[in-house]
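Just below is one structure, and these are the notes that go with it.
What's counted below: heavy atoms across the whole structure, side chains too, no hydrogens, waters or symmetry copies. Lettering follows sequence order; numbering is per chain, from 1. Bear in mind that the values here come from a model prediction, so they are computed numbers and not experimental data.
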2 protein chains.
Amino acid sequence: MPTVKDVAKLAGVSVGTVSRVLSENKAVKQPLKERVLNAVEKLGYKPNLAARALRTNRIDVIGLVVPDITNPFFAQLAKCIETEAAKRGHSVMLANSHDDAATERKQISALLDRSPRGMVVVAAADTAELGYHTDVPVVSLDRRFENFPLVSTDHAHGSALIADHLYQLGHRDIAYIAGPQNTEVGRSRKQGFISRIQDLHSENDPVTLRTYDGLFDYKSGEDIGRKVLTAWDDWRPTAIAAASDQLAIGVLRVARDLKLDIPADLSITGFDDIALASLIVPRLTTIRQPTERLAETALAYIFSEDASTTVPMKEHPLKGEIVIRGSTTAPEK
Amino acid sequence: MPTVKDVAKLAGVSVGTVSRVLSENKAVKQPLKERVLNAVEKLGYKPNLAARALRTNRIDVIGLVVPDITNPFFAQLAKCIETEAAKRGHSVMLANSHDDAATERKQISALLDRSPRGMVVVAAADTAELGYHTDVPVVSLDRRFENFPLVSTDHAHGSALIADHLYQLGHRDIAYIAGPQNTEVGRSRKQGFISRIQDLHSENDPVTLRTYDGLFDYKSGEDIGRKVLTAWDDWRPTAIAAASDQLAIGVLRVARDLKLDIPADLSITGFDDIALASLIVPRLTTIRQPTERLAETALAYIFSEDASTTVPMKEHPLKGEIVIRGSTTAPEK
DNA sequence: CTGAAAGCGCTTACAG
DNA sequence: CTGAAAGCGCTTACAG
């Protein structure tokens with residue numbers, strides 16, 4: 001592998017000049033610059049990234065920690081982060097926390113040890129405190145990690161869109177299956193839904209809402225869905241709003257087992273718009289998270305001055321949009 | 001950040017000794033070793049990975065290039081690779097090739113520039129030649145990249161298991177939806193299926209098999225499924241075997257649109273056993289790929305002597321197993 | 001068994 | 001505008 005030295009020799013300049021040509025580009029005059037570039041070309045020179053990293057104490061890598069890359073939403077997010085990072089010539093280092101605080105901590109410090117340019121973390125649900133003092137800019141994505149700035153969708157807003165949609169269709173008996181209440185995401189989605197329903201509710205035209213807390217996964221959807229749907233002698237919702245697509249799909253599954261016709265007998269909504277949402281039957285009405293913009297915003301922060309100057313980031317959550325598909329309709333009279 | 005120097009000073013030894021304690025461990029006598037370890041502890045010393053990389057020309061990182069991390073099977077694979085790498089103290093650098101040869105090439109050389117310990121690549125479908133000459137051990141996973149050693153499932157074997165299963169259920173009119181025929185995976189699965197059916201076929205008890213070529217994705221399943229299922233006046237399969245779960249799920253979707261009862265009217269099978277396969281209704285009969293063992297084998301190769309000595313790897317594909325679920329049953333008389 | 005020293009390949013003040 | 005030189009933090013022959 002050729003080094004700066006080889007390039008310098010071939011171009012008849014000093015290594016400093018080679019280095020300058022390869023970076024600042026200014027300063028160096030045209031004739032020299034050209035000779036260097038030619039030598040680089042001829043030798044197929046590629047800078048040794050480790051040496052550069054040692055010198056500059058910085059590496060063109062973004063660390064990314066997600067709870068589970070197998071979760072379609074996180075995979076989507078990871079893909080967008082990778083794309084955004086690539087735009088800036090950075091690679092991404094991926095680790096799974098398995099939604100476990102201890103593993104998360106281990107993974108984060110493993111990545112931090114490599115002194116990446118920045119760090120994006122989608123926090124584990126049960127994240128614990130662990131006081132980092134690092135120069136690496138860290139940003140939370142989707143779920144807040146510690147008290148690092150958070151880039152996320154406006155969950156309450158998304159939930160309100162769903163509430164509006166169901167209300168407008170005529171639903172007045174609604175069940176809400178919430179995500180884990182030890183997560184900000186779970187809480188804001190639930191809160192946003194409840195408070196919009198409260199706004200819509202009136203004495204003349206009352207809305208009955210029952211909420212159930214679960215996790216974000218399929219299984220939770222199945223379990224809670226079964227509970228809700230087999231207690232019909234008591235009370236019967238005409239619509240179930242779930243805090244995630246995976247929950248919604250779990251509910252859908254149970255509903256089908258129970259021979260219900262979706263959406264005729266029961267409307268179902270999700271949240272996230274994972275790829276699968278439009279592949280199941282019926283297609284799922286849901287909230288589309290702006291994943292590209294989330295990734296873009298997270299990386300923009302990392303590369304911004306603010307990240308290094310400890311200026312707290314202005315957090316303005318990004319709006320999602322409602323995607324109305326076949327899983328919702330007006331309730332039967 | 002403390003350095004070896006600081007540790008050495010505090011422990012009253014030379015930096016060489018510190019380094020030795022941190023690596024070889026042998027050689028250094030107990031009393032000194034202890035002092036060093038104490039100093040490390042007290043200072044919270046962590047080695048500078050860039051410096052180490054510069055010196056050893058090696059970094060504890062595995063590069064991983066997949067066509068699309070959003071594809072559930074690749075996500076599964078990535079997760080297992082990450083887990084295996086972590087066991088050996090390595091991090092994973094992830095890149096998506098978007099199933100495009102040019103992007104793949106770019107991503108691979110970007111990762112190679114960082115001189116990782118090894119490189120795992122799940123090739124893009126339309127991979128092109130690009131003659132790498134690198135010291136980094138490269139291994140192909142699932143789909144062969146160039147002529148690097150391949151770790152994969154025995155696709156033909158898996159397909160044969162499906163063929164056996166359908167035949168034993170009594171199916172004699174079968175459609176096979178193949179994956180892309182410009183990929184080894186697509187070809188072996190198709191070939192394995194066809195040849196097993198040919199073995200089963202006899203004059204007295206003939207089997208009719210029609211094959212259709214597509215991609216591995218949902219959409220292809222929908223498109224081809226529709227074509228096959230709406231041409232029933234001509235010929236009617238009682239079972240459709242698809243070359244991937246995603247294809248199968250696409251077929252399932254169309255079948256439902258056409259008011260078919262699965263499996264009563266039509267049996268459907270997939271391949272891969274992605275998480276989704278057991279979440280849809282009905283659950284999908286499919287071939288489970290041994291993802292953990294695939295990841296394990298790929299990394300074992302990278303860390304083996306063979307990888308550096310250019311000894312060609314013995315490629316023995318790993319057997320998958322059939323998972324029989326609700327999407328298959330005996331055909332109606 | 002341990003220390004002193006060289007050197008990995010860069011970048012960047014410092015002169016001129 | 002360009003060169004000579006120091007130094008980033010390690011590891012590893014080389015002596016002793």
Side-chain angles (χ1 to χ4, degrees), chain A residues 1-40 43-61 89 110 112-117 134-136, chain B residues 1-40 43-61 89 110 112-117 134-136:
Chain A
M1 278 271 99
T3 72
V4 268
K5 238 180 195 162
D6 302 317
V7 176
K9 192 185 297 173
L10 183 60
V13 300
S14 74
V15 296
T17 300
V18 173
S19 177
R20 274 184 281 262
V21 170
L22 263 33
S23 54
E24 323 168 50
N25 246 0
K26 48 192 171 190
V28 184
K29 277 289 210 180
Q30 195 50 38
L32 279 203
K33 186 171 166 184
E34 203 159 309
R35 267 155 57 200
V36 170
L37 259 17
N38 282 338
V40 165
L43 260 32
Y45 167 76
K46 289 189 172 188
N48 178 314
L49 264 21
R52 180 177 288 173
L54 174 58
R55 206 32 238 253
T56 63
N57 204 22
R58 158 186 302 184
I59 185 182
D60 290 352
V61 165
L112 245 23
D113 285 351
R114 302 177 186 284
S115 34
R117 183 67 177 74
T134 170
D135 300 334
V136 178
Chain B
M1 279 271 98
T3 71
V4 268
K5 238 180 195 163
D6 302 317
V7 176
K9 193 185 298 174
L10 182 59
V13 301
S14 74
V15 295
T17 301
V18 173
S19 178
R20 274 184 281 261
V21 169
L22 262 35
S23 52
E24 321 169 49
N25 246 359
K26 49 192 171 190
V28 184
K29 277 288 210 181
Q30 194 51 36
L32 278 202
K33 187 171 165 184
E34 204 160 307
R35 266 154 59 198
V36 169
L37 258 17
N38 281 338
V40 165
L43 259 33
Y45 167 76
K46 290 189 172 187
N48 178 314
L49 265 20
R52 180 177 289 175
L54 175 58
R55 204 35 238 251
T56 62
N57 203 22
R58 159 185 302 183
I59 184 181
D60 290 352
V61 164
L112 246 22
D113 286 351
R114 302 179 186 283
S115 35
R117 182 67 177 73
T134 170
D135 300 334
V136 177

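Side-chain atoms of B/Ser14 lie closest to C/dA4 of the nucleotides C/dT11, C/dG9, C/dA4. Here the nucleotide nearest the side chain of A/Asn48, chosen from C/dT11, C/dG9, D/dT12, is C/dG9. Checked against D/dG3, D/dG9, D/dC8, the side chain of A/Arg20 finds its nearest nucleotide in D/dG3.
Nearest-nucleotide assignment on DNA chain C puts the 5′-proximal partner with B/Val13, out of B/Ala51 and B/Val13. Comparing B/Arg55 and B/Gly12 by the nucleotide of DNA chain C whose heavy atom lies nearest to each, the residue mapping closer to the 5' end is B/Gly12.
Summarising the geometry, atom CG belonging to B/Leu32 is positioned 10.5 Å from atom CZ belonging to B/Arg20; distances are rounded to the nearest 0.5 Å. From A/Leu10, atom CG reaches atom CZ of A/Arg35 across 10.0 Å, with rounding to the nearest 0.5 Å. One finds the CG atom of A/Leu54 at 6.0 Å from the CG atom of B/Asn48 (value rounded to the nearest 0.5 Å). If you take CD1 on B/Ile59 and CD1 on A/Ile59, they are separated by 5.0 Å, rounding to the nearest 0.5 Å.
Between A/Ile59 atom CD1 and D/dC8 atom C1' there is a gap of 15 Å when expressed in whole angstrom units. We find that CD of B/Gln30 is positioned 15 Å from C1' of C/dT2, with the value rounded to whole Å. In this entry the distance linking NZ of B/Lys5 with C1' of C/dG3 reads 15 Å, nearest Å. To the nearest angstrom, P of D/dG9 lies 12 Å from CG of B/Leu54. The distance from atom CG of B/Leu49 to atom P of D/dC8 is 18 Å, rounded to the nearest whole Å. Between the C1' atom of C/dG3 and the NZ atom of B/Lys33 lies a distance of 19 Å, rounded to the nearest Å. When the C1' atom of C/dC10 is taken as reference, atom CG of A/Leu22 falls 11 Å away, rounded to whole Å. Between A/Glu34 atom CD and D/dT2 atom P the separation is 13 Å, expressed in whole Å.
Residue A/Thr3 places none of its side-chain N or O atoms closer than 4.0 Å to OP1 or OP2 of C/dG9. At least one side-chain nitrogen or oxygen of A/Thr17 sits closer than 4.0 Å to the OP1 or OP2 atom of D/dG3.
Nucleic acid contact for B/Leu32: sugar-phosphate only, since backbone atoms but no base atoms lie under 4.0 Å from a heavy atom of the residue.
Side-chain contact between A/Val40 and A/Val21 is absent, with no heavy atoms from C-beta onward closer than 4.5 Å.
Base pairing analysis places C/dA13 opposite nothing; no Watson-Crick or G-U wobble pair with both distances below 3.5 Å involves it.
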